[in-house]
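Everything on this sheet refers to the single structure shown next.
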Amino acid sequence: MIDHSGEKTPPNINERLLKPYNCLEVEDRIYKAWEEGGYFNPDVCIKDGITDAQAEYFSMVLPPPNVTGSLHMGSAFMLAIEDVMVRFARMRGKRTLWIPGTDHAAIATQTKVEGIIYKEEKKRRHDLGRQEFLKRVETFASESHDTIVKQIRKMGCSIDWSREAFTLDEKRSLAVKTAFKRMYDEGLIYRAHRIVNWDPKGQTTISDDELVYKAEKTKLYTFRYAKNFPIAISTTRPETKVGDTAVAVHPSDTRYQKYVGKEYDVEFAGVSLHIKVVADETVESTFGTGAVGVTPAHSQVDWEIAERHHLPLIPIIDEYARMTVANPHLNGKKVAEARQIVVDWLTSQKLIEKEEEIEHNVATAERTGGMVEPLPKLQWFVNVNAKIKNQSERLTGIRKGQDASLKELMLAAVKSGQTKIIPDRFEKVYFNWVENLRDWCVSRQIWYGHQIPVWYKGTETYCDIRPPQGDGWTQDSDTLDTWFSSGLWTFSTLGWPATAETAVAGKPGSENDFANYHPTIILETAYDILFFWVARMILMSTYLVGDIPFKAVYLHGIVRDKEGRKISKSLGNNTDPLEVISKYGADAMRMSLLVGTGPGNDSKISEEKLKAYKHFANKLWNIARFVFSNTEHIHTDQKNLGPEDLKKLEQFRDFTKETTDDLEHYRFYLAAEKIYHYLWHTFADILIEETKPLLFGDDGAEKISAQTVLRIIFNDSLKLLHPFMPFITEEIWSFSNTDKSGNALHFLMVQRWPQ
RNA sequence: GCGCGCUUAGCUCAGUUGGUAGAGCAAUCGCUUUACACGCGAAAGGUCGGGGGUUCAAGUCCCUCAGCGCGCACCA
């Protein structure tokens, strides 16, 4: 089945091995053969008697790549690690399932397509309308999908394509709606007027985690609203002061105690303000003048102060980051212009007491790069602090019937050890994030994504999986944060909600996936999406299915360029994995990404490393040529081994154990290097060299023994190397394990891992 | 401000539980030796960031200092 050359004559081992190794031809041919063999699908493995139906399971979801274009080296790194895990598990006889899929990546994809349309047609999404715009996005997404899927195949991933999913397909939509309704009915999802992070460039809200803070030098102005105002305040944003309704000071600040509770009317930059002086614990008396101008409508902390002191709020900035104030000189101006106008006014009035350069962090939107404005808006939130009754017995940290918040569920999953994070230092990072988590704003004003399953008619609100009966209902136009749908990924890909309750464990077939493969064994992903994704999956899974989503999380680092910089489009330093593969082969690329790259550590790609493992592939090819041409009629029977060779075999068994142990403990980076080192510097340099005199000599028994040990060790070495370099090992394997017409008897990928 | 990571051969980096340092590339010398010049053999190269401690023994554990990087918070 491996040989698809179409020739009727059996291929002569030496003939094919005598040609140099052609990774491109071999890799494409082998992947095709694997797919036709069907063993990426555990059901087929069971059906063909390769895997025991009762065997322990290994399941993992592919972190769905965003359909925003193509894969980068980071994705290639991820795919390499994951395929090693999967192939190792499969060879150990486990029922092994790896589920592919892609992520619609709402904001990222929409932003990308908006950019393309604007560049090519000078049109914005509103010029096209929701329907036409979505059509464009879907076309783009589908093209990206095809590219990505092709890349995953090129990498050699042994993933079950028959179960491929998409975060925005019909089944996942049902999962999203079901999840939303459950949370809505239980009061965990609510709609409220709050200060949110508004991205004027992307015209949407974003969550706290989608903020990127950039350090910037800016001026800190110290001034009074008016000459007769008793307290001077400091701010970096004078333009927002036209929205102030209070000045806050620390309660124990003796300088200002006499003013607390007093109210003042002032004319500030052409706007009438009514300012109350309040005392609040959160004010730092050592910063600036120790007094804060409170702008409740445009600052999260000020909003909170305003709530505590029942202060009114005055919105003065709109969705386009323009001023909306009574003063016609300011009205309609962008915030930056408004700042200058206010500063000029302050200067002319001689109200400025101090101007100093300070460095502070400016919030920008992760995807669009735009400056984020805190604005008061009516949005949907997930309440992470509300207590709900835990219905499950499967959570170690929390009893059935016990009240727990989503936050507590998230903490318990990891604190109890039910879910382990590798490397464990990230557990601390995780706890810190969860403990400080605020309600999650899940509504977005973009068009691409899951529309919120809520309908309005007058003052009525309706939430369900299906639209309400009757006329006059309008669906909420917002869509959900993309991480809401990816948070469901570990079980939405296994059939939840349709079959979760009806699935039968032990019965093969995708309709029973939830019973057979959940919780997944491991989740492998980059550490930079620990909060975005890993934490959200734990939230969704513990709440919705009452179980952890995975038993372990393996976090890999970021692949950087030669200079150690993050890969980014603006730097133009992204290397296309397909280009690398066509130059060095997928096997060599996998090895160079894997060797020496431990969990949680960043790595660099280098031409030298790629070259080194391409050389290794060639070396292996030559080893195979030597072994096969010198052991042609050998049966691998241990009885033929003399005492010296038995000792060599024993040493190899020790090495096998060590490698197995490394892989079981996720030390892929070590295992890869060791097997490389073993094959080259022990097997080739020592074993082969030592046996050469015997192989070319006459002694029958010793010669047979030498031939036999070479063959046994080489065959098993191929198995050990297979997870790392699947293509070349499979190709070499096929030479020695073929039937009379040259077809491979069994794929190496389903051989049993050596003991 | 809090936390984390890194600092090992000229360069890029490994070093899993503490037992007198490894890889790739580069550089030196010698080999067209019948598996492989994408190779083979040989030699060379490191006070494992500084200081202190624990230990029979530390790159590996503890303390401390320095440089670089990252995350979180603050960001009036």
Side-chain angles (χ1 to χ4, degrees), chain A residues 14 17-18 20-21 208-209 211 213-216 218 220-222 233-238 240-241 244 247-249 280 282-285 287-295 299-302 305 358-363 423 425-426 428-429 431-433 435-436 527-528 530-531 557-558 560 562-566 584 588 591-592 595-630 658 661-662 664-674 676-677 680-681 684-685 688-689 692 695-696:
Chain A
N14 292 325
L17 269 171
L18 279 172
Y21 180 60
D208 295 344
D209 300 287
L211 295 177
Y213 290 101
K214 286 191 178 143
E216 215 172 64
T218 191
L220 179 71
Y221 300 93
T222 300
I233 56 165
S234 298
T235 184
T236 55
R237 298 197 62 185
T240 65
K241 298 293 105 183
D244 282 12
V247 163
V249 297
D280 198 276
T282 59
V283 179
E284 197 76 58
S285 41
F287 188 92
T289 62
V292 188
V294 182
T295 323
S299 154
Q300 180 67 42
V301 282
D302 290 7
I305 292 174
I358 61 159
E359 187 159 299
H360 80 151
N361 288 325
V362 185
R425 63 185 145 91
F426 281 98
K428 239 197 249 177
V429 181
F431 292 138
N432 183 265
W433 181 82
E435 277 157 12
N436 294 303
Y527 66 70
D528 58 351
L530 178 64
F531 307 144
I558 294 167
R560 295 171 181 277
K562 223 176 164 184
E563 277 77 46
R565 299 172 304 184
K566 235 174 157 168
Y584 300 100
M591 278 298 271
S592 59
V595 170
T597 315
N601 290 340
D602 293 352
S603 55
K604 294 178 187 174
I605 51 163
S606 74
E607 207 80 8
E608 286 82 13
K609 214 169 167 185
L610 287 163
K611 224 186 272 175
Y613 291 104
K614 189 182 160 81
H615 291 179
F616 177 55
N618 182 66
K619 181 74 182 182
L620 185 67
W621 193 249
N622 284 303
I623 292 173
R625 183 187 301 164
F626 181 86
V627 172
F628 290 148
S629 54
N630 287 292
E658 207 183 305
D661 189 63
D662 282 338
E664 277 178 331
H665 294 93
Y666 310 112
R667 296 188 293 260
F668 316 105
Y669 53 108
L670 281 182
E673 191 172 3
K674 282 181 188 169
Y676 161 88
H677 201 263
W680 199 316
H681 300 298
D685 290 352
I688 285 185
E689 292 307 322
K692 267 180 182 176
L695 293 173
F696 303 141

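With sequence neighbours excluded, no residue forms a side chain to side chain donor-acceptor pair (under 3.5 Å) with A:Lys214. Evaluation of the salt bridge (Lys or Arg N to Asp or Glu O under 4.0 Å) rule for A:Glu359 yields no partner, not counting sequence neighbours. Annotation: side-chain contact (heavy atoms from CB on, under 4.5 Å) contacts of A:Val429 (sequence neighbours excluded): A:Phe426, A:Leu530, A:Phe531.
Summarising the base pairing, B:G46 is matched to no nucleotide, lacking a Watson-Crick or G-U wobble pair whose two defining distances lie under 3.5 Å. Applying the Watson-Crick and G-U wobble criteria (two distances, each under 3.5 Å), B:C4 pairs with B:G69. Partner assigned to B:A23 is B:U12, using Watson-Crick or G-U wobble distances below 3.5 angstrom. Nucleotide B:U32: unpaired (no Watson-Crick or G-U wobble partner with both distances less than 3.5 Å).
Comparing B:G3 with B:C62, their P atoms sit 16 Å apart, to the nearest whole Å. B:U17 and B:U12 are spaced 28 Å apart, taking the C1' atom of each and rounding to whole Å. Between B:U8 and B:U64, the distance separating the two P atoms is 22 Å to the nearest Å. Here the separation of B:G10 from B:A26, taken at their C1' atoms, is 7 Å to the nearest Å. The same atom, P, is picked in B:U16 and in B:G22; the two are 13 Å apart, to the nearest Å. Here, B:U20 and B:G24 have their C1' atoms 25 Å apart, quoted to the whole Å. Nucleotides B:G45 and B:A9 place their C1' atoms 6 Å apart, quoted to the nearest Å. Between B:G46 and B:A23, the distance separating the two P atoms is 15 Å to the nearest Å.
Mapping A:Asn432 and A:Leu220 onto RNA chain B via the closest heavy atom, the residue that lands nearer the 5' end is A:Asn432.
A salt bridge between A:Lys692 and A:Glu689 is present, with a side-chain N of the basic residue lying under 4.0 Å from a carboxylate O of the acidic one.
Side-chain atoms of A:Thr218 and A:Ile358, non-hydrogen and from C-beta on, do get closer than 4.5 Å to each other. A:Ile623 is not listed as a side-chain neighbour of A:Trp680, based on a closest heavy-atom distance of 4.5 Å or more. Here the side chains of A:Val301 and A:Thr282 are not in contact, with every heavy-atom distance at 4.5 Å or above. Contact annotation: the side chain of A:Pro599 never approaches that of A:Tyr527 to less than 4.5 Å [non-hydrogen atoms, C-beta and beyond].
Panel note: side chain A:Asn432, backbone A:Lys428; no donor-acceptor pair is recorded below 3.5 Å. Between the side chain of A:Trp621 and the backbone N or O of A:Leu17, at least one donor-acceptor pair lies under 3.5 Å. Side chain of A:Asn622 to main chain of A:Asn618: a donor-acceptor pair is present (N/O by atom type, distance under 3.5 Å, no hydrogens or angles). Using modelled atom types, no side-chain atom of A:Lys609 and backbone atom of A:Lys604 make a donor-acceptor pair closer than 3.5 Å.
Across the protein-nucleic acid pair, A:Lys214 atom NZ and B:C72 atom C1' stand 18 Å apart, rounded to whole Å. If you take CZ of A:Phe628 and P of B:C36, they are 16 Å apart, rounded to a whole angstrom. When rounded to the nearest whole Å, the span between OH of A:Tyr584 and P of B:G24 equals 17 Å. For A:Asp602 and B:C68, the CG to C1' distance is 13 Å, given to the nearest whole Å. Atom CZ in A:Phe426 sits roughly 13 Å away from atom C1' in B:C72 (whole-Å rounding). Distance, A:Tyr527 OH to B:G71 P: 8 Å, rounded to whole Å. Going from atom NE2 of A:His360 over to atom P of B:G1 covers 19 Å, rounded to whole Å. Remark: C1' of B:G71 and CG of A:Asn436 are 13 Å apart, rounded to the nearest angstrom.
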Just the atom pairs and distances: protein N or O near nucleotides 16-23 of chain B's N or O, under 3.5 Å.
unit_1, atom_1, unit_2, atom_2, d
B:U16, O2', A:Arg667, NH1, 2.9
B:U16, O2, A:Asp662, OD1, 3.1
B:U16, O2, A:Arg667, NE, 2.7
B:U16, O2, A:Arg667, NH2, 3.2

Sort me out a list of protein N/O and nucleotides 4-7 of chain B N/O pairs below 3.5 Å, or just none if empty.
unit_1, atom_1, unit_2, atom_2, d
B:C4, OP1, A:Lys428, NZ, 3.0

What pairs of nitrogen or oxygen atoms, one from the protein and one from nucleotides 29-35 of chain B, lie under 3.5 Å apart?
unit_1, atom_1, unit_2, atom_2, d
B:A35, O2', A:Asn622, OD1, 3.2
B:A35, O2', A:Arg625, NH1, 3.3
B:A35, N7, A:Lys692, NZ, 3.3
B:A35, N6, A:Glu689, OE2, 2.9
B:A35, N3, A:Asn622, O, 3.2

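Classified by interplanar angle (parallel below 30°, tilted 30° to 60°, perpendicular above 60°), the ring pair A:His677/A:His681 is tilted.
Note on A:Lys609: every side-chain N or O is 4.0 Å or more away from OP1 and OP2 of B:U12. Remark: A:Trp680 is in phosphate contact with B:C40, judged by side-chain N or O atoms under 4.0 Å from OP1 or OP2. Under 4.0 angstrom from either OP1 or OP2 of B:G39 there lies at least one side-chain N or O belonging to A:His615.
Base contact: A:Val283 has a heavy atom under 4.0 Å from a base atom. No contact: A:Ser603 has no heavy atom under 4.0 Å from any strand.
Nearest heavy-atom pair, A:Tyr669 versus A:Thr597, reported as atom, atom and distance to 0.1 Å: CB-N, 3.3 Å.
Between the side chain of A:Tyr21 and the base of B:C38 there is no donor-acceptor pair of N/O atoms closer than 3.5 Å.
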